Amino acid sequence: MSETSSLSKDEICKTLVELGHILEISGSSPFKVRAFANGARALENWQGDLVSLVQDGKVTSIQGIGKGLAGLIEEWVLEGESEAEEEIRSLVPESLLDLLKIAGLGPKKVRVIYEELEIESVDELEEACQENRIQALAGFGQTSENSILKGINNLRRFAGRHLVSQARAVAQRFLDAVKSVPGVERAEVAGSLRRNRETIGDIDVLVGTLDPIPVREAFMSVEGIREVMAEGETKSRILSEEGVGVDLRVVEPVAFAPALHYFTGSKEHNTRLRQRARERGWKLNEYGLWDEEGAALPTPEEQDIFRHLDMAWIPPELREDLGELEKAADLHSRSAEWEPLISEQDVKGVLHCHSTWSDGKATLREMVQAASDLGWVYYGTADHSRTASYAGGLSIEQLAEQRAELEEIRGDFPHMTLLQGIESDILADGSLDYPDEVLAELDYVVVSVHSSFSLPRAEQTARIENALRHPATTVWGHPTGRLLLQRDGYEIDLDYLLSVAAEEKVIVELNAHPRRLDLDWRWGRRVLELGVDIGIHPDAHSTQGLRDVEYGVAVARKMGFNSSQVTNCMNPEEYLKRLNLCHKS
DNA sequence: GCCGTTTTCGGCCCGACTGTTTTCAGTCG
């Protein structure tokens, strides 16, 4: 056995993407390059235990991974390294990958810059631009040089991806501006924002009108544009002051639905749908759908595109080519439609909220009032437990005082079921943060990891399993501990722990905080298979934070869930019964 | 490199914009 440790699935996906980029710069076949990107994506979306898959020799059972990539993956899992990987890496210096992140620079240009000027890093490229050495290259000029300098500047200022909460705010600004332009018949946000992805690269605003010029003018007049990157008749692109790219696409009203579908993506979903059209000799693009005679088929709404192709309409959130096309064809063949996904109105209350008792910004009464204002009929407070001293965790005495206050508040909110819980730290050995008799007095217990993030995988898994099996545990809070755009979750065997949660009837939290959105939507299918119950909880630290439920619902939709599959859509009586079910067979 | 109801070869989505070009390649989504 090698001393080198096995690579995780995430590391493998990242490496495959990198190798794809290296191949691209070194001039490999674009189809080979795409195969690496496809393979990375296929693996990312595959959920299960990779080590077992490798041991069973079934890696190629993942659609998009063939013999070549499977060989690499097997080496990474079993040996922790790969000769084939080293061969690819030796093709070009690794630092060239950074150059690809500069807007306007693709593999071909990076290759020229490297081969002609031996430039290998962003710093060297910047220097070369300043010395006007780039404009001398074939295919480059004065303008390219300036745009590269701008690109370097932007690269250093902005990381590239954005939280959904920020993206939605920016998108609204631009959408409002174009919607009010006379002659605009329809306007919508498309892209990954419409698909409810957990982070957003850039924003796509789509407008249907016969008069594109005033739309472009309105778009360009929105407050907070840092830079105009492209400005054409039907397509423009700006960089907002927040560092978010915003694309404007203008089409004639008759093409709005096909364009909305096209710009919603995903790319993979679109490719498959286009292939379906091609199979019958038809043509599908952002302007419409044409039959084998070249006659346009009417597509006033997205539904019509799918209908012509013998499919049920697919909710935008599910368009990731993860089986939704097959399901839509099946539904159509049975004259059925997609069951409506969960919506915000279905949520009847939440657990896991904080107050000034620990590190929240609003008092318990203010939080209850805000929950009532949102129309919820139950509310649970779950402040931090005593070990979380950094967050003002509650002592045993404070728990009793809080219970008294909650009793008082109950009198003023007779229409609400108010619950006292706690967010108990899972201690390093997997035990909870209070004696059993104290925990037993609470209505529910959320267990969460807030420390010792870097335990080895087996230890971390055992630690959390311990907590999940504790008789007082009702909810598993932010299961992986990831912080989007900041850090990955701790190393755990999530598949196993979800099965433990299912067995113990512990509710798994879908933490709705836009920086968490934890559990990841990709586990949705597995959650259903295992029969795990999910609860959408905002982890709110202010009254405003309660509204984050919006983002949790968005993720639940992306998981394909309807309201009957989310515990806090139950009415209060059912919900209390469900909380009492934990650990009972 | 992946895939296969045209299955071991020969395909692999396609259109807008930009900049550098005299008609198009590269990038991007």
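The structure presented is a predicted model; accordingly, all values stated were derived computationally and were not measured. Per chain, numbering begins at 1; letters A, B, ... match sequence-line order.
Atoms CZ (A/Arg278) and P (B/dC13) sit 7 Å apart, rounded to a whole Å. Put simply, CH2 on A/Trp290 is 18 Å from P on B/dC13, counting in whole angstrom units. As a whole-Å value, the separation of A/Leu16 CG from B/dC2 P is 10 Å. Between the CZ atom of A/Arg274 and the P atom of B/dC12 there is a distance of 12 Å, given to the nearest Å.
Residues forming a side-chain hydrogen bond (donor to acceptor under 3.5 Å, both in side chains) with A/Arg133 (at least two apart in sequence, or on another chain): A/Glu131. Under the salt bridge (Lys or Arg N to Asp or Glu O under 4.0 Å) criterion, A/Lys327 pairs with no residue at all, not counting sequence neighbours.
Between A/Ser236 and A/Arg216, the side chains place no donor N or O within less than 3.5 Å of an acceptor N or O (distance only, hydrogens not considered).
B/dT8: no Watson-Crick or G-U partner with both key distances under 3.5 Å is found in any strand.
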Protein within reach of the bases, or only the backbone? For nucleotides 16-29 of chain B, mark each nucleotide 5' to 3' as B, S or -, using heavy atoms under 4.0 Å.
BSSSS-----SSSB
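Between A/Phe306 and A/His261, the distance separating the two ring centers is shorter than 6.0 angstrom.
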Name the atoms and distances for all side-chain donor-acceptor pairs under 3.5 Å in residues 102-120 of chain A, with sequence neighbours left out.
from     : atom 1 : to      : atom 2 : distance (Å)
A/Arg111 : NH1    : A/Ile25 : O      : 3.2
A/Arg111 : NH1    : A/Ser26 : O      : 2.9

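In summary, A/Lys283 and A/Glu292 do not engage in a salt bridge, as defined by a charged side-chain N under 4.0 Å from a carboxylate O.
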Anything under 3.5 Å between a protein N or O and an N or O of nucleotides 4-8 of chain B, put it in a table, one pair a line.
none

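Across residues 65-76 of chain A, A/Ile65, A/Gly66, A/Lys67, A/Gly68, A/Leu69 each have a non-hydrogen atom less than 4.0 Å from an atom of DNA chain B (numbered order).
Residues A/Lys283 and A/Gly64 each lie close to DNA chain B; by heavy-atom proximity, the contact nearer the 5' end of the strand is made by A/Gly64.
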